[in-house]
Amino acid sequence: NVEPRSVPVFPWHSLVPFLAPTQSD
Amino acid sequence: PPPSSTVAPPALPPYFIKGSIIQLADGELKRVEDLKTEDFIQSAEISSELKIDSSTVERIEGSHTSPNFAVVQFSVGEHRAQVSVEVLVEYPFFVFGQGWSSCCPDRTTQLLELPCTKLSVGDVCISLTLKNLK
């Protein structure tokens with residue numbers, strides 16, 4: 001019998017770079 | 001055979017390894033290699049804080065710091081703000097309508113087993129900003 005392993009789950013936004021331009025209002 | 005490299009690659013985030021389980025904003029689970037453009041767009045639509053921006057690759061240069069790194073210059077969002085990021089050459093970006101791409105796709109495939117194409121000038125990548133950024 002193979003014990004089920006807990007698999008890490010990553011949120012979708014981890015995979016997307018945060019390219020936040022500086023904005024002036 | 002190619003000459004063996006003695007440089008230990010810096011660690012990449014574990015979620016880019018083929019088979020990694022990714023949770024979309026609606027709770028659905030997908031493998032990283034199965035993600036589609038729509039998954040990111042729909043997840044951002046559900047998100048109250050994040051929005052997708054289009055980031056066009058304007059320039060790709062080798063880094064002065066290390067041959068393992070590249071400097072990618074993006075034009076971000078409707079205001080075409082210039083943003084440069086220094087990343088490992090195997091670091092994957094998601095290109096709209098295309099999928100994972102990196103500066104060195106052979107290395108990405110070798111290290112992560114993630115199917116990957118060559119990131120090129122003119123590619124439009126998915127990036128994130130805050131919705132209420134003022």
Side-chain angles (χ1 to χ4, degrees), chain A, chain B residues 13-17 19-33 35-36 39-44 46-47 49-57 72-85 87 91-94 100 114 125-134:
Chain A
N1 283 350
V2 179
E3 288 287 324
R5 290 184 302 154
S6 63
V7 178
V9 176
F10 302 99
W12 68 276
H13 51 77
S14 304
L15 287 79
V16 188
F18 223 88
L19 300 181
T22 51
Q23 288 187 355
S24 56
D25 244 356
Chain B
Y15 36 76
F16 287 125
I17 299 170
S20 294
I21 305 298
I22 309 302
Q23 184 166 42
L24 305 182
D26 63 0
E28 185 184 355
L29 300 178
K30 281 199 165 189
R31 291 190 178 90
V32 63
E33 66 271 21
L35 291 172
K36 302 276 185 261
D39 295 325
F40 291 103
I41 292 174
Q42 286 166 10
S43 286
I46 293 172
S47 168
E49 295 178 341
L50 303 173
K51 77 178 174 83
I52 295 276
D53 255 340
S54 301
S55 293
T56 305
V57 178
V72 184
Q73 184 179 330
F74 292 98
S75 168
V76 181
E78 55 185 310
H79 300 294
R80 303 184 60 81
Q82 299 297 302
V83 176
S84 287
V85 292
V87 291
Y91 190 95
F93 294 92
F94 201 93
W100 295 111
L114 184 69
C125 297
I126 290 177
S127 65
L128 287 173
T129 54
L130 287 173
K131 266 182 179 164
N132 56 354
L133 188 69
K134 286 266 191 266

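So that the names make sense, note that chain A is the first sequence line, chain B the second, and so on, each numbered from 1. Atoms considered below: every heavy atom in the structure, side chains included; atoms not considered: hydrogens, waters and symmetry mates.
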Applying salt bridge (charged side-chain N to carboxylate O under 4.0 Å, His left out), can you list everything that pairs with B:R80, at least two apart in sequence or on another chain? B:E58
Is it the case that atom CD in B:E49 sees more than 12 heavy atoms from other parts of the structure closer than 6.0 Å? no
[X] side, atom [atom1]; [Y] side, atom [atom2] - distance, nearest 0.5 Å:
| X | Y | atom1 | atom2 | result |
| --- | --- | --- | --- | --- |
| A:L19 | B:S75 | CG | OG | 11.0 Å |
| A:F10 | B:I21 | CZ | CD1 | 9.5 Å |
| A:L15 | B:I22 | CG | CD1 | 4.5 Å |

Atom group of [X] that falls short of 4.5 Å from chain A, counting heavy atoms:
| X | result |
| --- | --- |
| B:F74 | side chain |
| B:F93 | side chain |
| B:V85 | side chain |
| B:S55 | side chain |

Just to verify, what does B:Q73 make a side-chain hydrogen bond (donor to acceptor under 3.5 Å, both in side chains) with, not counting sequence neighbours? B:Q82
Residue among B:D53, B:I126, B:L50 satisfying side-chain contact (heavy atoms from CB on, under 4.5 Å) with A:V16: B:I126
Pairs of heavy atoms under 4.5 Å with chain B: top-ranked of A:P8, A:S14, A:P11: A:S14
Turns out that what part of A:P17 lies under 4.5 Å from chain B's heavy atoms comes down to both
Less than 4.5 Å to any heavy atom of chain B: does that hold for the side chain of A:V7, its backbone, both, or neither?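 When you check distances to chain B, only side chain atoms of A:V7 fall under 4.5 Å.
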